[in-house]
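Have a look at the structure below before the remarks.
Just so it is clear, the structure is predicted and the values come from calculations on it, not from any experiment.
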Amino acid sequence: MTKLSMIATFAAILATAMPVAYAQTRATPETRAAVTSGEPGRIIQPDQIRASKMIGSTLYDVQNRNIGSVKDLVLDNDGRVAAVVVDVGSFLGVGGKYVAISMSDIKADNNRLTLDRSKEQLQQMAEYQLEDRTTGAGTSASPATGGRLGR
C-alpha cells in the first residue's frame, strides 16, 4: 500500500466515525445556574474596585483637587489590602514621596477616588518605603514561569 492510499484510507475511517461521535448525547441534560444580579462571588459589587483600575488612578480631595495618584497596593497574608501607597507631590515622577493610607479612608464613587484629607496633610505624613533592603520585603522576583506578575 502506498503512502497516499494509506492517508486516504485513514481519512475515510475518520470521516465515517465522526458523525457517530457527534451523535452521542448525555444521559442527563446539563443544567446551568442562573446568574442573578449582584450575587457575591460571581460579579463585582458596587462597593468593590479592581486593583488594575485603582493603581495609577488620580486621588482627589473633597474640594475636587488632585492630591496624588495611587502607586501601589500592599496586601497582607490574608489577601486584604493592608495599605494604599499614594504618590504625593511629584511632578512627572520627580520630587514627590510615597505615603500609605488605609483602604477604608478612600471612597470610590462613580469611578473616582476621593479622600477626606488635603494634599498638605498627606505631604506631612511619614514617607512609606516600598522596599526593605534588610528583610527583602517588596523585592520578590517574577515567577519562574508565566512571565511577569500582573500580566
Side-chain angles (χ1 to χ4, degrees), residues 7 10-11 14-15 17-151:
I7 292 174
F10 183 69
L14 282 178
M18 286 274 198
V20 174
Y22 282 117
Q24 293 178 358
T25 59
R26 300 185 83 142
T28 57
E30 184 178 341
T31 59
R32 295 182 184 251
V35 178
T36 59
S37 176
E39 184 180 338
R42 302 274 313 231
I43 189 168
I44 193 163
Q45 301 299 304
D47 62 341
Q48 297 174 331
I49 186 168
R50 293 174 33 202
S52 61
K53 297 294 181 186
M54 189 169 188
I55 296 172
S57 294
T58 303
L59 189 63
Y60 296 92
D61 65 6
V62 290
Q63 283 80 31
N64 201 27
R65 294 180 297 182
N66 178 342
I67 57 175
S69 64
V70 177
K71 179 65 177 172
D72 215 336
L73 302 176
V74 178
L75 305 177
D76 62 14
N77 288 339
D78 295 328
R80 291 180 291 222
V81 177
V84 177
V85 181
V86 178
D87 185 3
V88 181
S90 69
F91 181 72
L92 297 176
V94 179
K97 70 175 185 177
Y98 298 148
V99 296
I101 56 175
S102 172
M103 182 68 186
S104 61
D105 292 341
I106 296 177
K107 310 296 183 266
D109 297 323
N110 301 321
N111 292 326
R112 186 178 176 91
L113 302 177
T114 57
L115 182 66
D116 61 351
R117 296 183 197 160
S118 68
K119 187 173 194 170
E120 292 76 24
Q121 288 173 318
L122 292 179
Q123 288 174 332
Q124 292 173 0
M125 292 177 65
E127 185 169 359
Y128 187 82
Q129 299 293 323
L130 279 174
E131 295 180 3
D132 185 350
R133 296 184 191 275
T134 59
T135 65
T139 59
S140 52
S142 294
T145 59
R148 284 186 46 207
L149 186 63
R151 290 206 180 203

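- Residues Leu113 and Ala108 come closest through the heavy atom pair CD2-CB, 3.9 Å.
- Atom-to-atom distance recorded for Asn66:CG and Leu59:CG is 8.0 Å, nearest 0.5 angstrom.
- Residues passing the salt bridge (Lys or Arg N to Asp or Glu O under 4.0 Å) test with Asp116, sequence neighbours excluded: none.
- Closest of all the heavy-atom pairs between Met103 and Val81 is CB-CG1, 4.0 Å.
- In this structure Gln124 satisfies the side chain to side chain contact (heavy atoms under 4.5 Å, CB included) test with no other residue, sequence neighbours excluded.
- In this structure the side chain of Ile67 reaches within 4.5 angstrom of the side chain of Leu122, judged on heavy atoms.
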Atom pairs and distances, side-chain donor-acceptor, residues 51-58, under 3.5 Å, sequence neighbours left out:
unit_1, atom_1, unit_2, atom_2, d
Ser52, OG, Arg50, NH2, 3.2
Ser57, OG, Lys53, O, 2.5
Ser57, OG, Met54, O, 3.2

Test side-chain contact (heavy atoms from CB on, under 4.5 Å) on Val85 and Val70 and set out the steps.
-> CA-CA 6 Å; Val85 181; Val70 177; over 6 Å; no
Could you please spell out the steps behind the side-chain contact (heavy atoms from CB on, under 4.5 Å) verdict for Val84 and Ile106?
-> CA-CA 9 Å; Val84 177; Ile106 296 177; 3.7 Å; yes
Check step by step if side-chain contact (heavy atoms from CB on, under 4.5 Å) holds for Ile49 and Ile44.
-> CA-CA 8 Å; Ile49 186 168; Ile44 193 163; 5.9 Å; no
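- A donor-acceptor pair under 3.5 Å is formed between the side chain of Gln45 and the backbone N or O of Ile43.
- Taking Ser102 as the reference, Ser104, Asp105 meet the side chain to side chain contact (heavy atoms under 4.5 Å, CB included) condition, with sequence neighbours excluded.
- Residues Leu130 and Tyr98 meet the side-chain proximity criterion, which asks for heavy atoms closer than 4.5 Å.
- Take Gln121 and apply the side chain to side chain contact (heavy atoms under 4.5 Å, CB included) test, not counting sequence neighbours, and it matches Arg117, Ser118.
- Between the side chain of Lys97 and the backbone N or O of Asp87, no donor-acceptor pair lies under 3.5 Å.
- Counting heavy atoms of neighbouring residues, nucleotides and ligands inside a 6.0 Å radius, atom CG of Asn77 does not exceed 12 of them.
- Pairs passing the salt bridge (Lys or Arg N to Asp or Glu O under 4.0 Å) check and including a residue from residues 59-77, sequence neighbours excluded, read Asp61-Arg65, Asp76-Arg80.
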